[in-house]
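Just so we're clear, the structure is a prediction, and the values are computed from it rather than from any experiment. Just so you know, these numbers use all the heavy atoms, side chains as well, and skip hydrogens, waters and symmetry mates. Whatever order the structure lists them in is the order used to number ligands and atoms, beginning at 1.
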Amino acid sequence: MATAPSSTGNKPAADIETAVRQRGAEILGLMDAADSPSLFSRKGFYGALMDWSLRDEHFKTQLFRFVDVLPMLNTSSEISRHLKEYLDNDRVNLSPALRLALKASAGASWLFGSGVKAQVTGLARQFMLGNDEKEIVATLRKLHEQDIAFTVDVLGEAVVSEAEADEYSTRYLKLMELIATETPNWLPACKSNLSARGPVPPLNLSVKISALYSQIHPTDPETAIEKLSARLRRILRRAKELGAFINFDMESYALKNLTLRLFKAMFDEPEFASAPAGGLAVQAYLKDCEADLRDLMAWARERKRRITVRLVKGAYWDYETVMAQQRHWPVPVFEHKAETDANFEKLSAVLLENDDVVDAAFGTHNVRSIAHALAQAERLGVPQRNFEFQMLCGMADSIKTSLLQMDCRVREYCPVGELLPGMAYLVRRLLENTSNEGFLANKFAKGASPEALLRNPREPGGTTSTSSQTTSEKSGTRWNASLPAFRNEPPTDFTIAAEREKLSAALKELRRKLGRRQPLIINHKSVTTEAWLPSLNPADQKEIVGLAAQATITEAESALASARAAQPAWARWPVEQRAGILERTATLLRRDKAALAALEVLEAGKNWTEADGDVAEAIDFCNFYAAVMRELDRPQRTQLVAGESNFQHWWPRGVGIVIAPWNFPLAILAGMTAAAVVAGNAVIMKPSDQTPLIAGRWMTLLMEAGLPAGVVNLLTGPGGSVGAHLVAHPQIDFIAFTGSKEIGVKIWETAGRTLPGQANLKKVVCEMGGKNCLIVDGDADLDEAVMGAIHSAFGYQGQKCSALSRLVVLADNYDRFLERLVAAANSMPVGPAEAPGNLVGPVINRDAQRRILALIETGKTEAKLAWQGRVPADPDACYVPPTIFTEVPATSRLFREEIFGPVLSVSKAKSFGEALALANDSEFALTGGLYSRSPVNLERAKAEFVCGNLYLNRPITGAMVGRQPFGGFKMSGGGTKAGGREYLQNFLSPRAITENLLRRGFAPADEM
Ligand SMILES: Cc1cc2nc3c(=O)[nH]c(=O)nc-3n(C[C@H](O)[C@H](O)[C@H](O)COP(=O)(O)OP(=O)(O)OC[C@H]3O[C@@H](n4cnc5c(N)ncnc54)[C@H](O)[C@@H]3O)c2cc1C
């Protein structure tokens, strides 16, 4: 455990501890006299479910997943089917009675299904207020009468479009109006709204900023602030008029800096300098939150304005942990529950010490945390009514009443909204209530002793929890010991201002050097040519990013000769040293990450995130292939036989040509080259005409890393002549190609013809296109499916071989999904890749623009144009408006041909079987995906979806090296999986060596 934070001021720690225990015992005593919360009573439906959930983790997961999908299930038979799919399997340890009930449900689904929905809705009602205005008012009034203050929040779907963000802000405004018309009649004032400093506003609204703008992007906080401010201004203005209080809730870590900036920016505006009253939540589970808190207090003090800080532990612990681990980012949250508890206590003291400027609100259901705040206040002489305790609706009611009895101020957090879309909120509450680490489960379900519940989190093992799992234990170090040691390069975290500035500065620097000439590089020497081809910025065809030398057959022959000359010596380099060169190159790529990404932005039109991702992938290819080659270098014993040694090992193939596309201008070129080279081969790189400068940078880095001359040669120039010449050349042993089907098939055929004098049968590593399909099932999570579809179809303008081009939506979901998809597409920022935050930019060049626009025109005659986006009216840029077609016949060009642009076809399917049949009706088999919450359909997709990379419940692009080996079959390619462990074998020939160890009947003992 890391150093536990501590703040006990001047009073000896032992005294504070005694006071905490006294206060804690007092609260626990009062609670015991009250009823235990109904959620934990073992009686009835909820009780039984909670009880089983606490006993069996797998049951809990399945049950909560079922609760999560329930809102999407419209018929009783669907509910019954899902219930069985989730719970009626061998892994779930069900009570015999529950299993019998499930079996019976099959016959009486009409009764069982609606009954279950009613039960779960009832459960949800414990935690949220619903949408009925009368009910909302009645519940809040009841709280008021109990002297419990409230804060209201609006629940709903994730906001995926600007239309939805508008709707959300209107809901916040309406809710304020509704309550504002009622509260003045509620007299006398609720005691919890009476601070020692005077009355506080009875109307208290909690706002989530993610609900107020749909396009928050880490690279572009400025636009986010601008758009969020516009919507918040309306809310704050009305709050000021109504005398309401506005709290900013704190969400995921990615939004933290933005939320803090926004809070300060809004309340710095002269209009809001003194009103409305405002506050925000600070999450104690964040390792860096103390600095934020101190900064906020300094800001408030400078402005002589009181703010409220709601100190919470944080609701997204699992999410933060998993996302950071997946991206190899530092985990922002503490790993041990006790550390969070200790930090909460430390910050409680900090808040109370700054009582002159901050109104403290302690958002916790943990009696130890509450008792600690009370004890600290006593120590500091802060009146108990200067601060308040906040708890969630439906949770820990006995703590609320106990605190009221102790004359504390208590506020309840009341989410308002339709119950079923609020199911994600319900699941969060259920998880919290059944968490092994959580205070509530330990107190109410496990009956932990008062000593354990009040234990100081700084003591060894100091936590209420009966478990002491750490992050890595929980998430499981799923590192397979048999895999080579490799770790993906973390993507750049653009929420960090310094990272954004780095790329911005790199772009400026690049602009100063535009027009550079990229010569050929043969045998490590620069070779210039007569002809030079300009490489143009897709966003400005008048801007020449640089010029590339144009090789002729003469230079192609010269490059081949130098590769042939260098290869035998290179093949004899120990693998360790060959791998070392790649690893050094990876380090250099990392050093130049921002400069390389900037070049991709200008030369390939990739947006910031995509450009950064491409450089990271190139780094990954170098490191991964180095690790795999080390592993392959160990000869493998084929069989253990007495008296004979049998080993297999690998030899390089010789000399090859690498033909790379422009869409992943660094990663694909680097990947194919690195694999071939680390295997002991020599290559001639023929990059795309559109991205020669990036190829030139890659070549330079290989040389800087110490690659010997001739092993890699750079040949920019016309593919139709020099590329074709080398593909057909008898001295070429292998071809690594990524590109279109048209060229790929030609290469395949040419390579199959053996010429006189040819030493080897040519090996072709061929990755071609796709017509990739995503199915959206009737029970899919639409928030995720809409965003997954948008990113897969329109990320990098659809110019990825993995991009989504066919969307098949089950009829049950079709109308709602399409409506949200079009609204989300309509909200996508479109513009030059250089401006951070643009999701869609220009396509690669004029030819591509003309070709895609023509296909869209054809599409209009084949299908219904459902939506077409607007693009900047810039004649110098190669924009194609993002386009969505519906009612697309399966025979149409739209449905069958790879478009390689921002064009999406949507089809409706009546059944899951029909959806799969549509998805599989293609000559390609590259990527595919399914959004579904039906375990049976997910399994069926695994078995029947014809594609090389299948993605379930996530976008279908963005394969990571080593994690998702990438590549397809049928007309998508030769099934060679770039970034997979087997990939290197394409560049190697296997050899088996057998030695007879018997000499005159005598064999060495260790071989017997
Ligand atoms: C009124 C109110 C408003 C809230 N508003 C917000 C908000 O705006 N933003 C927000 O994020 N949350 C918010 N929360 C939720 C809050 O962050 C906690 O999730 C919740 O209250 C549980 O904490 P506890 O002190 O009640 O319970 P406890 O059981 O004492 O603590 C549980 C908490 O400990 C932390 N934890 C669990 N396991 C570990 C571990 N292994 N290592 C480190 N830490 C761990 C987590 O934060 C977890 O939620 C709010 C809560 C309340 C009551």
Side-chain angles (χ1 to χ4, degrees), residues 1-2 4 127 148-153 204 206-210 247-253 255-256 259 263 279-287 289 308-322 331-345 347-348 361-373 388-397 399-400 403 410-415 425 428-446 448 453-455 457 462-475:
M1 185 174 135
F127 299 104
I148 299 178
F150 60 80
T151 179
V152 281
D153 161 49
N204 185 313
S206 287
V207 179
K208 287 194 171 49
I209 69 156
S210 67
N247 188 78
F248 286 27
D249 282 2
M250 197 55 86
E251 302 173 71
S252 64
Y253 188 62
L255 295 178
K256 186 202 71 171
T259 310
F263 179 83
L280 82 177
V282 168
Q283 297 156 318
Y285 65 8
L286 293 180
K287 293 171 186 167
C289 66
T308 298
V309 170
R310 176 201 295 155
L311 182 64
V312 297
K313 286 178 192 161
Y316 309 88
W317 189 85
D318 282 27
Y319 174 83
E320 301 297 0
T321 308
V322 167
V331 179
V333 293
F334 288 112
E335 293 208 23
H336 292 82
K337 164 83 165 63
E339 289 174 294
T340 298
D341 288 342
N343 200 37
F344 188 94
E345 294 191 359
L347 299 187
S348 299
F362 302 100
T364 173
H365 313 105
N366 183 322
V367 174
R368 160 81 204 189
S369 309
I370 294 169
H372 176 270
E388 63 184 40
F389 292 100
Q390 299 192 352
M391 273 162 263
L392 302 177
C393 169
M395 309 251 299
D397 287 342
I399 306 183
K400 292 171 196 157
L403 288 174
V410 176
R411 185 176 303 279
E412 188 162 300
Y413 185 100
C414 302
Y425 178 83
R428 274 217 299 279
R429 297 291 76 81
L430 293 178
L431 281 168
E432 218 162 82
N433 275 296
T434 53
S435 157
N436 273 323
E437 307 236 33
F439 178 89
L440 291 177
N442 279 292
K443 159 78 181 126
F444 294 111
K446 298 186 182 169
L453 292 170
L454 297 177
R455 187 175 297 146
T463 167
T464 50
S465 167
T466 47
S467 111
S468 59
Q469 285 170 315
T470 66
T471 314
S472 43
E473 286 161 353
K474 270 194 158 180
S475 57

**Student:** Within 45 degrees of the axis of the six-membered ring of Y425 and under 6.0 Å from its centre: does R429 put its NZ or CZ there?
**Tutor:** yes
**Student:** Less than 3.5 Å between some nitrogen or oxygen of Q390 and one of ligand 1, yes or no?
**Tutor:** no
**Student:** Work out whether the distance between some heavy atom of E437 and some atom of ligand 1 is less than 4.0 Å.
**Tutor:** yes
**Student:** Consider every N or O of Q283 and every N or O of ligand 1, then say whether any pair is closer than 3.5 Å.
**Tutor:** yes
**Student:** What distance do K400 atom NZ and M391 atom CE have between them, rounded to the nearest 0.5 Å?
**Tutor:** 7.0 Å
**Student:** Suppose I only count heavy atoms of E432 and a 4.0 Å limit; which atoms of ligand 1 are within that range?
**Tutor:** 19 (O), 20 (C), 22 (C)
**Student:** Could you tell me the separation between the NZ atom of K313 and the CZ atom of F334, rounded to the nearest 0.5 Å?
**Tutor:** 12.5 Å
**Student:** Would you kindly specify which portion of F439 sits under 4.0 Å from ligand 1, judged on non-hydrogen atoms: side chain, backbone, both or neither?
**Tutor:** both
**Student:** Just to be sure I read this right, does ligand 1 sit under 4.0 Å from the backbone of Y316, its side chain, both, or neither, counting only heavy atoms?
**Tutor:** side chain
**Student:** Can you check which of V312, L286, N247 brings a heavy atom nearest to atom 4 (C) of ligand 1?
**Tutor:** V312
**Student:** Just to be sure I read this right, does ligand 1 sit under 4.0 Å from the backbone of M395, its side chain, both, or neither, counting only heavy atoms?
**Tutor:** neither
**Student:** Donor-acceptor pair, D153 side chain versus C414 backbone, under 3.5 Å?
**Tutor:** no
**Student:** Please state whether V333 comes within less than 4.0 angstrom of ligand 1, counting heavy atoms only.
**Tutor:** no
**Student:** Which value, rounded to the nearest 0.5 Å, describes the distance between S252 atom OG and Y319 atom OH?
**Tutor:** 5.0 Å
**Student:** Got a second to check how far E437's CD is from T340's OG1, nearest 0.5 Å?
**Tutor:** 9.0 Å
**Student:** By number and element, which atoms of ligand 1 are closer than 4.0 Å to a non-hydrogen atom of A281?
**Tutor:** 8 (O)
**Student:** When you measure from atom 40 (C) of ligand 1 to each heavy atom in K208, E412, K337, which option holds the nearest one?
**Tutor:** K337
**Student:** Should you measure from each heavy atom of Y413, which atoms of ligand 1 turn up under 4.0 Å away?
**Tutor:** 1 (C), 3 (C)
**Student:** Under the criterion side-chain contact (heavy atoms from CB on, under 4.5 Å), I'd like the reasoning laid out for F362 against S369: C-alpha separation, chi angles, the key distance, then a yes or no.
**Tutor:** CA-CA 9 Å; F362 302 100; S369 309; over 6 Å; no
**Student:** Once you restrict to heavy atoms under 4.0 Å, what part of T340 touches ligand 1? Side chain, backbone, both or neither.
**Tutor:** side chain
**Student:** Going through the checks in order, is the side-chain contact (heavy atoms from CB on, under 4.5 Å) test met by L286 and M250?
**Tutor:** CA-CA 11 Å; L286 293 180; M250 197 55 86; 5.7 Å; no
**Student:** Quick one: look at A315 and ligand 1, take heavy-atom pairs under 4.0 Å, and tell me if it's side chain, backbone, both or neither.
**Tutor:** both
**Student:** Roughly how far, to the nearest 0.5 Å, is the OH atom of Y316 from the CG atom of L255?
**Tutor:** 9.0 Å
**Student:** Of the non-hydrogen atoms in R368 and L453, which two are nearest, and what is the gap between them?
**Tutor:** CB-O, 3.5 Å
**Student:** Is any N or O atom of L440, backbone or side chain, closer than 3.5 Å to an N or O atom of ligand 1?
**Tutor:** no
**Student:** Side chains of N343 and K287 only: does a donor on one sit below 3.5 Å from an acceptor on the other?
**Tutor:** no
**Student:** Counting heavy atoms only, which of M250, E251, M391 comes nearest to atom 8 (O) of ligand 1?
**Tutor:** M250
**Student:** Within the 4.0 Å heavy-atom shell around G438, which atoms of ligand 1 are there?
**Tutor:** 29 (O)
**Student:** Quick test of your reading of the structure: of T364, V367, L280, whose heavy atom lies closest to atom 24 (P) of ligand 1?
**Tutor:** T364
**Student:** Determine whether N433 and F127 satisfy the following criterion, side-chain contact (heavy atoms from CB on, under 4.5 Å), listing intermediate values before the conclusion.
**Tutor:** CA-CA 12 Å; N433 275 296; F127 299 104; 3.8 Å; yes
**Student:** Any nitrogen or oxygen of S369 lying under 3.5 Å from a nitrogen or oxygen in ligand 1? Just yes or no.
**Tutor:** no
